[in-house]
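Below: the structure, in structure tokens.
Just so it is clear, the model here is predicted, and its values are computed rather than measured. Residue numbers count from 1 along this sequence. First listed ligand is number 1; within each ligand, the first listed atom is number 1.
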Amino acid sequence: MAPLPKGFLSESLGRIQPSQTIAVTQKARELKAAGRDVIGLGAGEPDFDTPDNIKEAAIAAIRRGETKYTAVEGIPELRKAVAAKFKRENGLDYAPSQIFVAAGGKAIIYNALMATLNPGDEVICVAPYWVSYPDIVALAGAKPVIVEAKFENGFRLTPEQLDAAITPKTKWLILNQPSNPTGACYSAAQLKALADVLLKHPQVWVLTDDIYEHLVYGDFKFATIAAVEPNLYERTLTMNGVSKAYAMTGWRVGFCGCAEPLVKAMAKLQSQSVSHATSISQWASVEALNGPQDFIPVRKKAFEERRDLVVSMLNQATGIECPKPEGAFYVYPSIRGLIGKTAPSGQVIKTDEDFAGALLEGEGVAVVHGAAFGLSPFFRISYATSNSLLEEACRRIQRFTAGLK
Ligand SMILES: Cc1ncc(COP(=O)(O)O)c(C=O)c1O
């Protein structure tokens, strides 16, 4: 097929990268299809199925004929269920008119940033970051300001770093915890310390991505910034969704609570793109939020056991140092001890991308290299897969690192 004419694609498209986590998952899929024995630890989705009561609610919605266009902001039943969720679980008061629903948590972030950013605006993204934040900011024509959260600080942004990164042009701080890719969380006290900095800078809004809220382990208590510091409530967008907690990644429903004029702005934008999240998925999400929640702690326990297994086995691998995160289903081990070593194939491991490539080639384990998340030399493992596969993958990683010279 002929290439597209020169200048046909938009300049804004040229500013962004395709999602590298999706690329790794795709590569693993292709190798598997070609007959290779590959364990994919790249994908960020729970291996559990959507609970039956949620599926049944969707089937019932189809049978009732809930198959037509809905309000752009979301069906009133879901906006009410989301408002109740924020009150019940987070102590946050949002009226249903302050709730906005979109086709996934990603679409909430996309709408919020696209509706508010102008060229010259700055958005603080904490590295290692979820891959989409800087790219969406760049697509909007604004500038992602990357602040590196250090391994030594548990991959958390410090108040001093935040203060130093803010300029008169800063429009948003994007916070994400439990974090993808590190699993790091912030205690209420740590959030309060960040909030104290933000109180000094009234031009900065906060987009908090709480999508892994329900996946926190041990006695760690999840907190969200607008509840910790009510003086920030007016300028905080609290984002969440059903994808991770309810194992509903494919249903595409995310939501947020924020100032009503911002809901209206996002609705204006969404009315000229996808219109609204799928009617059936919205009804399924009403059931997810209002229905039984008792499977959440059971799944959480399974994730916690997997975290402990992976952290323990990776720390037994030569040259790998793996912190034990409080949440999400990721670990982000350091490979500082392996840089400069040579793989049996003769390849020298100069970067974390080399490491991930050589590991996939040598042992058939697909992980995502740290550079994709803006902090090297690390890699990310998603442990949302069975214990037996995780054990096998970690054994292969141990064998691979032991074989490096
Ligand atoms: C930190 C973070 N935010 C948002 C999302 C997007 O979620 P959704 O599938 O609901 O768009 C993900 C999904 O991987 C994520 O890891």
Side-chain angles (χ1 to χ4, degrees), residues 18-26 40-48 50 54 74 78 82 85 100-114 123 125-137 144 149 155-157 172-186 206-216 222 224-225 237-256 266 270 273-274 276-278 281-282 284-285 288-289 303 325-332 368 372-375 380-385:
S19 164
Q20 298 202 49
T21 46
I22 293 177
V24 168
T25 312
Q26 184 58 25
L41 302 179
E45 65 181 343
D47 54 324
F48 296 114
T50 305
I54 300 175
L78 181 52
V82 172
K85 171 256 174 293
F100 185 70
V101 177
K106 188 185 271 183
I108 293 286
I109 299 164
Y110 187 90
N111 281 316
L113 296 177
M114 283 292 173
V123 177
C125 303
V126 183
Y129 41 70
W130 182 50
V131 290
S132 296
Y133 304 138
D135 277 340
I136 298 175
V137 171
F155 297 118
R156 285 182 205 92
L157 174 71
W172 289 98
L173 160 68
I174 303 182
L175 265 186
N176 165 226
Q177 56 107 17
S179 151
N180 176 3
T182 66
C185 297
Y186 293 75
V206 188
L207 192 164
T208 175
D209 177 343
D210 297 354
I211 202 141
Y212 294 98
E213 162 183 17
H214 287 294
L215 300 175
V216 293
F222 175 82
T224 192
I225 197 159
L237 181 147
T238 307
M239 184 229 117
N240 213 313
V242 293
S243 296
K244 314 286 173 172
Y246 300 94
M248 291 176 69
T249 44
W251 298 75
R252 310 308 304 133
V253 171
F255 47 76
C256 67
M266 290 190 286
Q270 184 159 276
S273 57
V274 297
H276 55 75
T278 306
S281 296
Q282 291 191 61
S285 303
L289 295 177
F303 279 127
E326 300 87 0
F329 40 65
Y330 307 103
V331 289
Y332 201 66
V368 187
F373 307 101
L375 195 72
R380 186 194 79 173
I381 279 184
S382 163
Y383 56 81
T385 191

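If you take OG1 on T208 and CD1 on I225, they are separated by 7.0 Å, rounding to the nearest 0.5 Å. Interatomic distance, CG of D209 versus CD1 of I174, reported as 8.5 Å (0.5 Å rounding). Note that CG of L157 and OH of Y186 are 5.0 Å apart. Values are rounded to the nearest 0.5 Å. Distance check, rounded to the nearest 0.5 Å: CD1 of I211 to NZ of K244 gives 6.0 Å. To the nearest 0.5 Å, atoms OH (Y330) and OH (Y383) are separated by 10.0 Å.
Using modelled atom types, one side-chain atom of R156 and one backbone atom of C185 make a donor-acceptor pair closer than 3.5 Å.
Close contacts between ligand 1 and K106 involve ligand atoms 6 (C), 8 (P), 11 (O) [criterion: under 4.0 Å to a heavy atom]. Heavy-atom contacts of N176 reach the following atoms of ligand 1: 1 (C) (cutoff under 4.0 Å). Listed by atom number, the atoms of ligand 1 under 4.0 Å from R252 heavy atoms are 8 (P), 9 (O), 10 (O), 11 (O). Atoms of ligand 1 lying under 4.0 Å from at least one heavy atom of S243, given by number and element, are 8 (P), 9 (O), 10 (O). Close approach of ligand 1 to Y212 is summarised as follows: ligand atoms under 4.0 Å from at least one heavy atom of the residue are 1 (C), 14 (O), 15 (C), 16 (O). Every atom of ligand 1 with a heavy atom of Y133 under 4.0 Å away is listed here by number and element: 1 (C). Which parts of ligand 1 touch G104 is read off a 4.0 Å heavy-atom cut-off, strictly below it: atoms 10 (O), 11 (O).
The shortest contact between atom 7 (O) of ligand 1 and any protein heavy atom is with I211 CD1, 3.6 Å. Taking atom 14 (O) of ligand 1 as the reference point, the nearest protein heavy-atom neighbour is K244 NZ, 2.6 Å. Nearest protein neighbour of atom 2 (C) of ligand 1, counting heavy atoms only, is D209 OD2, 3.3 Å.
Taking the salt bridge (charged side-chain N to carboxylate O under 4.0 Å, His left out) definition, one finds that K85 meets it with E89, E213, sequence neighbours left out.
In the displayed structure, Y110 atom OH is contacted under 6.0 Å by at most 12 heavy atoms of other residues, nucleotides or ligands.
Geometrically, ligand 1 and N180 share a nitrogen or oxygen pair separated by less than 3.5 Å.
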